[in-house]
Amino acid sequence: MQLPWWWELGDPCAWTGQGRGTRRMSPATTGTFLLTVYTIFSKVHSDRNVYPSAGVLFVHVLEREYFKGEFPPYPKPGEISNDPITFNTNLMGYPDRPGWLRYIQRTPYSDGVLYGSPTAENVGKPTVIEITAYNRRTFETARHNLIINIMSAEDFPLPYQAEFFIKNMNVEEMLASEVLGDFLGAVKNVWQPERLNAINITSALDRGGRVPLPINDMKEGVYVMVGADVPFSSCLREVENPQNQLRCSQEMEPVITCDKKFRTQFYIDWCKISLVDKTKQVSTYQEVIRGEGILPDGGEYKPPSDSLKSRDYYTDFLVTLAVPSAVALVLFLILAYIMCCRREGVEKRNMQTPDIQLVHHSAIQKSTKELRDMSKNREIAWPLSTLPVFHPVTGEIIPPLHTDNYESTNMPLMQTQQMNLPHQTQIPQQQTTGKWYS
């Protein structure tokens, strides 16, 4: 991120607006912009001290060009190197930064930016930020300290605060001094305050927004909060009209008369604007009435002293293991007795089984065996399973009705009784000589 030369020299009045028309900063606007602190690392190898004000936007740029000269091989004068460099920032003695301070670096080839709004709780307390630069090509590192001395502001906080959502900007683009200066100038033309400060800048991603698609140069969006010392103008109040509220509920763009003053550079979502009047806010503190369900105040917590006696947990450990183990052993012995010592056996089972059931079971086994043998050789005699094996009443075994040399192909599957029943039609049978008889 390149800052204009007049900002490094500390003379905002020297800006002539080249490349942006013929706009020139007025003295009042210059005082407003000076409240936003912009600092850049100096070329001196020492700690850097900055003095931001509480409640005013603080921006600190980490320049890659400064750290390039600290990584070997050291470039010669006039030599240009473009090594990828990333930064890691943290509060000294802690793994992360303070809650009010944020950091962003889009790519290793762009500058890093520390930004945020210091709180009044940190006034008078030096905040030391460790900045570690990593050269991603040579894997060299360089470390510097940034000492932030937060000063108290006379008019902190400003009584009237407005938060705008800019859809066509990313946070690192909005942090540029010239872009933020143009936005504050447009707000001042609409609001007409005597004092106007940039309070905070937040990326839409930090508010739950989605990452935009990489098409049509879409931006993430950024929230910008500003504060002033005069009430809101009628233009800013237009968004509270019932007609505009209805259009916002229907996801339509409201009609704002002063939108054209921003439209040339900033696309503002007026449905997401937030107006806060600190003068009308009533304290929400309520005295706690102690009653049922509220414990009395017990004072501060007093931890136990170091003179406590040590306790032996060996007995508890044995009891914890012995009782479950004994129960499991008893259950195992009972199960083993039932499974091994209470078996009846095959002989006892056969003695208690009727003979007819045993004959049926034996016949099924023989039939199964014969069927398995037939699957191996299909030229054997008819199986015995097709013949009656036992008498249906007495259960006695019946010998086979044919001998081994009997032609098996003429054996019917079932033996029918020759009975001369009335009204029975006899089926003609074929003799071996080829004649038919009835």
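Closest non-hydrogen pair, D229 versus P193, comes out as OD1-CB, 3.8 Å. Across all their heavy atoms, M218 and L213 have their closest contact at CB-O, 3.7 Å. Listed here is the closest heavy atom pair of L184 and L196: O-CD2, 3.5 Å. When every heavy atom of L180 is checked against every heavy atom of M174, the shortest pair comes out as CB-O, 3.5 Å. Across every non-hydrogen atom of F87 and G112, the tightest pair is CE1-N, 4.0 Å.
Partners of K219 under the side chain to side chain contact (heavy atoms under 4.5 Å, CB included) rule, at least two apart in sequence or in another chain, are N170, E173, D217. For T86, the side chain to side chain donor-acceptor pair (under 3.5 Å) criterion is met by R136, not counting sequence neighbours. In this view, K369 and D373 satisfy the side chain to side chain donor-acceptor pair (under 3.5 Å) rule, not counting sequence neighbours. Scanning for side chain to side chain contact (heavy atoms under 4.5 Å, CB included) contacts around D96 gives an empty result, with sequence neighbours left out. Judged as a side chain to side chain contact (heavy atoms under 4.5 Å, CB included), and not counting sequence neighbours, R210 has no contacts. Among residues two or more places apart in sequence or in another chain, the side chain to side chain donor-acceptor pair (under 3.5 Å) test is passed with Q357 by none. With sequence neighbours left out, T368 forms a side chain to side chain donor-acceptor pair (under 3.5 Å) with no residue at all.
The closest donor-acceptor contact from the side chain of D269 to the backbone of G221 lies at 3.5 Å or more, if one exists at all. The main-chain N or O of R137 is never found under 3.5 Å from a side-chain atom of D83 such that the two would form a donor-acceptor pair. No donor-acceptor pair closer than 3.5 Å links the side chain of N197 to the backbone N or O of G227. Checking side-chain atoms of T279 against main-chain N and O of P159 turns up no donor-acceptor pair under 3.5 Å. A donor-acceptor contact shorter than 3.5 Å links the side chain of S110 to the backbone of T107.
Ionic pairing of R64 and D111 is not present here: no N-O contact between side-chain nitrogen and carboxylate oxygen is shorter than 4.0 angstrom. Between D316 and R311 there is a salt bridge, since at least one side-chain N of the basic residue sits less than 4.0 Å from a carboxylate O of the acidic one.
For residues 90-141, no residue pair satisfies the ring pair (Phe, Tyr, Trp, His ring centres under 6.0 Å) rule, not counting sequence neighbours. Residue pairs satisfying the ring pair (Phe, Tyr, Trp, His ring centres under 6.0 Å) criterion with at least one member in residues 223-258, sequence neighbours excluded, are listed as follows: Y160-F232, F165-Y223, W191-F232.
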Report all side-chain donor-acceptor pairs from residues 235-250 shorter than 3.5 Å, counting only partners two or more places apart or in another chain.
residue, atom, partner, partner atom, Å
R237, NH1, E240, OE1, 3.3
R237, NH1, E240, OE2, 3.3
E238, OE1, T257, N, 3.0
E238, OE1, T257, OG1, 3.4
E238, OE2, T257, OG1, 2.9
N241, ND2, E238, O, 3.2
N244, OD1, V255, N, 3.1
N244, ND2, E238, O, 2.6
N244, ND2, V255, O, 3.4
Q245, NE2, V239, O, 2.7
R247, NE, E253, O, 2.9
R247, NH2, E253, O, 3.0
S249, OG, Q245, O, 3.4
S249, OG, L246, O, 2.6

Extract all donor-acceptor atom pairs below 3.5 Å that involve side chains of residues 198-208 and protein atoms in other chains or at least two apart in sequence.
residue, atom, partner, partner atom, Å
S203, OG, L205, N, 3.3
R207, NH2, E163, OE2, 2.5

Going by atom type alone, with no hydrogens or angles, which donor-acceptor pairs under 3.5 Å involve a side-chain atom of residues 329-338 and a protein atom two or more places apart or on another chain?
none

Checking side-chain contact (heavy atoms from CB on, under 4.5 Å) for the pair V190/C258: CA distance, chi angles, key distance, verdict? CA-CA 7 Å; V190 173; C258 57; 3.7 Å; yes

Run L91 and T127 through side-chain contact (heavy atoms from CB on, under 4.5 Å) and show every step you take. CA-CA 7 Å; L91 183 64; T127 303; 3.5 Å; yes

Step by step, would you call E172 with R102 a salt bridge (Lys or Arg N to Asp or Glu O under 4.0 Å)? CA-CA 11 Å; E172 70 276 6; R102 299 186 182 94; over 6 Å; no

Start with the C-alpha gap between H60 and L146, add the side-chain angles, then the distance that decides, and say whether side-chain contact (heavy atoms from CB on, under 4.5 Å) holds. CA-CA 10 Å; H60 183 84; L146 175 67; 3.7 Å; yes

Verify side-chain contact (heavy atoms from CB on, under 4.5 Å) between V319 and Y314, making sure each step is shown before the conclusion. CA-CA 9 Å; V319 172; Y314 181 73; over 6 Å; no

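In this structure, K68 and N82 have side chains that are in contact, with non-hydrogen atoms separated by less than 4.5 Å. At least one side-chain heavy atom of S274 sits under 4.5 Å from a side-chain heavy atom of V276. In this structure the side chain of L114 reaches within 4.5 angstrom of the side chain of R97, judged on heavy atoms. Considering only heavy atoms from C-beta on, P254 comes within 4.5 Å of C271 through its side chain. Looking only at side-chain heavy atoms (C-beta outward), V113 and L62 stay at 4.5 Å or farther from each other. Here the side chains of P52 and V50 are in contact, with some heavy-atom distance below 4.5 Å.
One distance of note links CG of D47 with CD1 of I147; it measures 4.5 Å at 0.5 Å rounding. Rounding to the nearest 0.5 angstrom, the gap separating the CD atom in Q265 from the CD1 atom in I166 is 9.0 Å. Of the inter-residue distances, the one linking N149 atom CG with N122 atom CG reads 11.5 Å to the nearest 0.5 angstrom. In this structure, CD1 on I148 lies 12.0 Å from CZ on R48, to the nearest 0.5 angstrom. Atoms CD1 and OG1, on I150 and T119 in that order, are 6.0 Å from each other to the nearest 0.5 Å. Taking CD1 of I104 as the reference point, atom CG of L175 lies at 7.5 Å (rounded to 0.5 Å).
Within a 6.0 Å radius of CE in M92, other residues, nucleotides and ligands contribute more than 12 heavy atoms.
Aromatic rings from H144 and Y66 are positioned such that their centres are separated by under 6.0 Å. Not less than 6.0 angstrom separates the ring centroid of F266 from the ring centroid of F164.
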